[in-house]
Amino acid sequence: MPIEMPKGLPFSVDTWTPCSNRKRHHFLTHAHKDHSQGISTHSSFPIYATRLTKSLTLNYYPQLNESLFVDIEIGQPIAINDPVETFTVTAFDANHCPGAVMFLFEGTFGNILHTGDCRLTPECLQRLPEKYLGKTSREPKCRLDYIFLDCTFATFSSKMPSKHVAIRQVVDCIWKHPDARVVYLTCDLLGQEDILENICKTFGSKIFINKENNPECFQSLSLTIPNILSQDPSSRFHLFDGFPRLSERVEAKIIEARANFQPDPLIIRPSAQWYVFEDVSSESEKQKNSRFKEAIRDSFGIWHVCYSMHSSRDELEWALQLLAPKRVVSTTPEFRAIELGYVRRHCSFDNLAPDDPVWKLLDIDLETPLVNEDIQEEVTINKKEMLTVSSLVKGTCLTLFGRARAGLGNSTLSYEDLVKPEISTQNVDEVGSDGEVPEGQHDGSKSNGLTKVIGKQATACSSTGMSNGVNENIRKLYRSMHIPVPKPLPSLVEILNNRKRAKRSFML
DNA sequence: GCGATCAGCT
DNA sequence: CACAGCTGATCGC
């Protein structure tokens with residue numbers, strides 16, 4: 001999920017809002033629509049993207065002008081001239097979907113890898129500049145200052161098959177059903193082309209796609225895999241819409257075939273979604289693991305294969321061990337990503353040097369003394385604490401593991417909604433019983449000191465009643481940002497803990 | 001009437 | 001719950 005880049009950076013990645021429009025350079029990692037949302041209204045020159053991503057995006061938004069784009073070639077660094085600071089950017093394959101890249105930014109702001117959406121593999125990582133790659137027992141020569149990391153499946157702890165293995169499972173599933181006259185493939189999403197290509201190659205048959213019913217999908221596939229598409233409905237392989245109401249349509253297809261005394265059609269859905277949310281609590285370890293070894297049939301008759309375009313937790317952990325970045329910023333809501341061991345162990349904001357690039361990144365001026373009159377009495381507030389407070393107050397839309405919470409940017413609801421004392425204490429309670437907070441952050445005691453720390457920012461704001469433990473306004477805020485309502489708000493817990501720590505050290 | 005944004009759903 | 005995406009409602013011009 002795209003997030004706004006912090007104030008201190010001169011570029012945006014995958015965001016198209018009034019806020020991102022003020023940046024001087026824009027980057028588009030890939031052509032999925034949730035990464036180009038708003039591009040037709042809030043875009044300005046230059047937009048850096050691969051040629052394919054540009055073509056696909058122009059397909060989706062015909063009103064966009066091609067001249068807004070600057071092509072970027074994979075692996076070829078380009079120098080970006082910026083009035084404030086010249087920097088270099090290089091694109092690397094993200095193994096997500098056709099045209100998808102990660103961007104490596106190198107400048108006075110530090111060395112930043114933005115993964116966009118990615119399925120990190122050893123091959124992907126080996127293509128990065130060697131100086132950033134560590135060895136088994138040695139740190140890299142040059143550590144990345146930041147990784148903006150796709151943590152979509154960071155809570156997915158099972159070992160996922162590689163894309164390559166998943167494709168083989170799809171092919172094997174077809175081999176095992178020689179009687180099926182028609183094979184329906186729910187591969188209408190950008191990123192599933194390799195599956196179709198492999199089936200075409202293996203079985204020597206092109207894939208039927210109904211051009212009239214699905215013009216946009218047809219156009220996209222015409223750009224990515226033009227040679228394996230067919231307009232002949234007698235082909236054994238049919239592209240099948242994944243939405244809406246897949247299970248209903250599948251049942252109808254099976255009933256229809258049986259009514260005509262034909263063998264059941266084969267329906268295959270290569271996607272990780274079913275695996276991520278399917279309830280397997282009653283299954284044994286062995287059963288759980290075997291789910292990923294071959295295609296598995298559900299009660300509607302759909303065969304599932306775990307084909308993922310995002311990294312699982314072990315893949316993320318492995319990548320972070322190799323790159324050993326100084327900080328990790330999740331581009332996905334934090335509560336899904338906080339479990340990453342590397343982040344827990346290495347990405348704390350303790351012991352920050354005054355020249356650390358994080359200050360510049362967050363647009364915090366260390367030279368200017370604190371003048372907020374309400375905060376002034378909190379003489380023991382340290383800079384680290386201010387980091388947390390500032391990044392929230394200023395609405396830099398930054399998700400930091402264990403610290404700040406995602407995007408407060410252009411919401412109609414204000415920061416005040418989030419810092420009402422009753423909310424803060426409640427979240428602390430939740431965290432205390434949840435046991436999902438990293439070591440040293442547990443604190444179940446109540447405190448309403450938050451308003452003091454935030455000072456004038458925490459003036460009253462109308463709010464509707466509480467429901468289900470979370471203020472309705474906050475629910476609205478998260479929904480409006482397409483972010484699920486999180487259980488704990490670690491930022492608030494952190495502010496409280498920092499404040500307590502500061503108080504303790506004051507008394508000593 | 002149109003596009004942009006949002007709510008709800010899979 | 002939610003991938004990435006769609007549909008339909010609502011808002012503002």
Side-chain angles (χ1 to χ4, degrees), chain A residues 1-2 14-19 21 29-43 56-57 59-64 94 96-100 116-119 150-156 160 163 166 186-193 195 213-217 219-220 239-251 269-281 298 300 302 304-312 331-337 339 409-413 434 436 468-470 472-473 475-488:
Chain A
M1 172 158 335
D14 294 347
T15 52
W16 315 96
T17 60
C19 172
N21 218 355
T29 61
H30 65 286
H32 279 152
K33 281 190 179 156
D34 59 329
H35 287 249
S36 55
Q37 203 176 59
I39 198 169
S40 56
T41 36
H42 308 289
S43 63
L56 289 162
T57 305
N59 234 344
Y60 297 142
Y61 306 93
Q63 65 273 43
L64 272 183
H96 179 64
C97 69
D117 279 356
C118 63
R119 175 88 195 262
D150 168 22
C151 294
T152 302
F153 287 161
T155 54
F156 194 107
M160 284 175 174
K163 283 186 177 182
T186 64
C187 296
D188 54 344
L189 194 67
L190 180 66
Q192 297 179 304
E193 292 78 0
I195 305 166
N213 287 4
N214 222 333
E216 201 171 77
C217 179
Q219 282 215 335
S220 292
L239 201 73
F240 202 62
D241 287 346
F243 306 94
R245 294 184 300 280
L246 176 64
S247 51
E248 278 176 36
R249 285 182 289 114
V250 163
E251 282 179 318
R269 186 183 183 211
S271 162
Q273 194 195 0
W274 187 76
Y275 294 85
V276 176
F277 302 108
E278 182 74 353
D279 180 26
V280 292
S281 50
D298 72 14
F300 301 102
I302 304 167
H304 296 270
V305 166
C306 184
Y307 181 87
S308 176
M309 295 190 266
H310 298 278
S311 310
S312 62
T331 58
T332 327
E334 178 177 7
F335 79 107
R336 283 192 275 167
E339 297 179 7
N410 302 306
S411 164
T412 50
L413 281 160
D434 238 23
E436 283 195 357
N468 224 357
V470 179
E472 193 54 33
N473 279 344
R475 286 178 173 279
K476 270 190 209 158
L477 169 68
Y478 281 111
R479 288 211 192 99
S480 72
M481 290 157 57
H482 302 290
I483 291 174
V485 181
K487 272 190 272 177

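Naming convention: chains lettered A, B, ... in sequence-line order (proteins, then strands); numbering from 1 in each chain. Note that these values count all heavy atoms, side chains included, but never hydrogens, waters or copies made by symmetry.
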Which one, dC3(C), dC6(C), dG5(C), comes nearest to the side chain of L189(A)? dG5(C)

Apply the side-chain contact (heavy atoms from CB on, under 4.5 Å) test between H32(A) and each candidate in L190(A), D14(A), T57(A); give the one that qualifies. L190(A)

N214(A) CG - dC6(C) C1' separation (whole Å): 11 Å

Once you round it to whole Å, what is the distance between C1' of dG5(C) and OH of Y61(A)? 11 Å

Taking atom C1' of dC9(B) as reference, at what distance in whole Å does atom CG of L246(A) sit? 14 Å

For atom CD1 of I302(A) and atom C1' of dC3(C), their distance in whole Å: 15 Å

With the side chain defined as heavy atoms from C-beta on, Q273(A) is closest, among dG5(C), dC3(C), dT5(B), to dC3(C)

Side-chain N or O of H35(A) versus OP1/OP2 of dA4(C): is the shortest distance under 4.0 Å? no

Just how far, in rounded Å, is P of dA4(C) from CD of Q192(A)? 11 Å

First locate atom CG of D34(A), then atom CG of D117(A), and finally report the distance between them rounded to the nearest 0.5 Å. 6.5 Å

So, is H304(A) near the phosphate of dC3(C), with a side-chain N or O under 4.0 Å from OP1 or OP2? no

Quick one: Q37(A) CD to dC6(C) C1', roughly how many Å, whole number? 12 Å

Name the closest nucleotide to the R269(A) side chain, picking from dC3(C), dA4(C), dT5(B). dC3(C)

Heavy-atom closest contact (P270(A) atom, Q192(A) atom, distance): O-NE2, 2.8 Å

Would S40(A) and Y60(A) satisfy side-chain hydrogen bond (donor to acceptor under 3.5 Å, both in side chains), going step by step from the backbone distance to the final call? CA-CA 10 Å; S40(A) 56; Y60(A) 297 142; over 6 Å; no

Of the candidates dA4(C), dC6(C), dA4(B), the side chain of K33(A) sits closest to dC6(C)

Separation of E248(A) atom CD from dC6(C) atom C1', in whole Å? 15 Å

At 4.0 Å (heavy atoms only), tell me whether H30(A) reaches a base, stays on the sugar-phosphate, or touches nothing. nothing

Closer to the 5' end of DNA chain C via nearest nucleotide, is it V276(A) or H32(A)? V276(A)

Check every atom of dT10(B), dC6(C), dG5(C) against the side chain of F243(A) and return the nucleotide holding the closest atom. dT10(B)

According to the interplanar angle, ranging from 0 to 90°, do the rings of H30(A) and H35(A) count as parallel (below 30°), tilted (30 to 60°) or perpendicular (above 60°)? tilted

To the nearest angstrom, how far is D188(A) atom CG from dC3(C) atom P? 17 Å

